[in-house]
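Just so you know, these numbers use all the heavy atoms, side chains as well, and skip hydrogens, waters and symmetry mates. Both counts, for ligands and for their atoms, begin at 1 and track the order of listing. Numbering of residues begins at 1 and proceeds along the displayed sequence.
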Amino acid sequence: MTLSTVAASPADREIPYYDSVGNECAMFEHAYAQRLPLLLKGPTGCGKTRFVSHMAARLGKPLFTVSCHDDLTAADLTGRYLLQGGETRWVDGPLTRAVREGGICYLDEVVEARKDVTVVLHPLTDDRRLLPLERTGELLEAPDDFMLVVSYNPGYQHILKSLKPSTRQRFVAMTFDFPPPKVERDIVARESGLEPDRCAALVNLAASLRAMKGQDLEEGISTRLLVYCATLIQAGMPIRDAARATLVEPLTDDADVQEGLMEAVQATF
Ligand code: ADP
């Protein structure tokens, strides 16, 4: 399979650190308890994946994560017959495993996947909670502890690549954004080991760089990139070099825009 799949069982992981910004943890718990699927919307690197792994661990459920891409088909999620040791055997995909075994299946950037994925998701995301496996002739009913979580980034979606209303209206949905400054400072400090005051300066800088979004930049600087920047500074790299490598270069290839970003960096550090 070409997709990136991560199955983590509750036994072999601690609860990943997640700093909540609102009622998202309570919302997740309610959705899980009421057997409702969840849609997370928000820019890249703002904490969606971390949130899902935190909640899965908190609920003590296995997590099946799939990073969707434009070649991902329904069969990548449900499973396929594979030749193994001269025999043809059916091998469950991550979605089927989550339905059979119970657990949380997280489809990251679901709009990237091929259209046939929707066909599989629809019967799973209404009150039937069914997963039909045409190839094996099975019709699986999702257990109470199965939950489907999907995410996408509305910021850079092409009109052809947004979720259709008939799909999105099957989910409880929440918008994620970059955390408020104090929370983001704490996250960056905790993840990088850099002292909070220095992280606060990076968070302030991020706010001014994020304000440039739309004019010249498709996306604002993610919390992930701030963590990278703080990690390099904590490791001893000069601040401006770290900032160029993490807050400027990953954002744009345009030399003029890079210069504008570097000016903002130099005004702060
Ligand atoms: P997304 O899935 O939205 O692209 P991630 O969940 O991978 O983003 O977040 C990127 C990184 O940012 C994480 O690895 C973590 O270091 C940090 N992060 C962002 N938000 C939070 C948060 N609320 N609590 C803890 N870490 C966070």
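In terms of protein heavy-atom proximity, atom 27 (C) of ligand 1 is closest to Ile187 CG2, 3.4 Å. Atom 4 (O) of ligand 1 has as its closest protein heavy atom Gly45 N, 2.7 Å. Nearest non-hydrogen protein atom to atom 24 (N) of ligand 1 is Asp19 N, 2.9 Å. Nearest protein heavy-atom contact of atom 10 (C) of ligand 1 is Arg224 CB, 3.6 Å. Annotation: atom 16 (O) of ligand 1 to nearest protein heavy atom, Glu191 OE1, 2.6 Å. Among all non-hydrogen protein atoms, the one lying nearest atom 13 (C) of ligand 1 is Arg50 NH2, 3.7 Å.
Looking at ligand 1, you won't find any N or O of Phe51 less than 3.5 Å from one of its N or O atoms. Polar contact with ligand 1: absent for Val227 (N/O pair, distance under 3.5 Å). Checked by distance only, ligand 1 and Asp108 stay at 3.5 Å or farther apart across all their nitrogen or oxygen atoms.
No more than 12 heavy atoms of other residues, nucleotides or ligands lie within 6.0 Å of CD in Glu141, so this atom counts as exposed by the packing criterion.
Partners of Asp145 according to the salt bridge (charged side-chain N to carboxylate O under 4.0 Å, His left out) rule, which considers only residues two or more places apart in sequence or in another chain, are Lys61.
The CD atom of Glu24 sits 10.5 Å away from atom CG of Leu38, with the distance rounded to the nearest 0.5 Å. Annotation: the span from Glu112 atom CD to Ser67 atom OG amounts to 11.0 Å, rounded to 0.5 Å.
Near Tyr17, meaning under 4.0 Å from one of its heavy atoms, ligand 1 places the atoms 25 (C). Of all atoms in ligand 1, numbered sequentially from 1 with element shown, those under 4.0 Å from a heavy atom of Thr49 are 1 (P), 2 (O), 6 (O), 7 (O). Residue Thr44 approaches ligand 1 through these ligand atoms, each under 4.0 Å from one of its heavy atoms: 4 (O).
The closest approach between Gly42 and ligand 1 stays at or above 4.0 Å for every heavy atom of the residue.
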Discussion item. For a ring-ring contact (aromatic ring centres under 6.0 Å, His included) check, start with the C-alpha distance between Phe51 and Phe176, then their side-chain angles and the critical distance, and finish with the verdict.
Written reply: CA-CA 10 Å; Phe51 170 62; Phe176 275 62; 5.2 Å; yes
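With Glu87 contributing its side chain and Gly85 its backbone, the two residues share no donor-acceptor pair below 3.5 Å. In this structure, the side chain of Arg240 engages the main chain of Phe269 through a donor-acceptor pair within 3.5 Å. Panel note: side chain Asp92, backbone Gly79; no donor-acceptor pair is recorded below 3.5 Å.
Remark: Arg50 fails to qualify as a cation-pi partner of Tyr17 under the 6.0 Å distance and 45° angle criteria applied to the six-membered ring.
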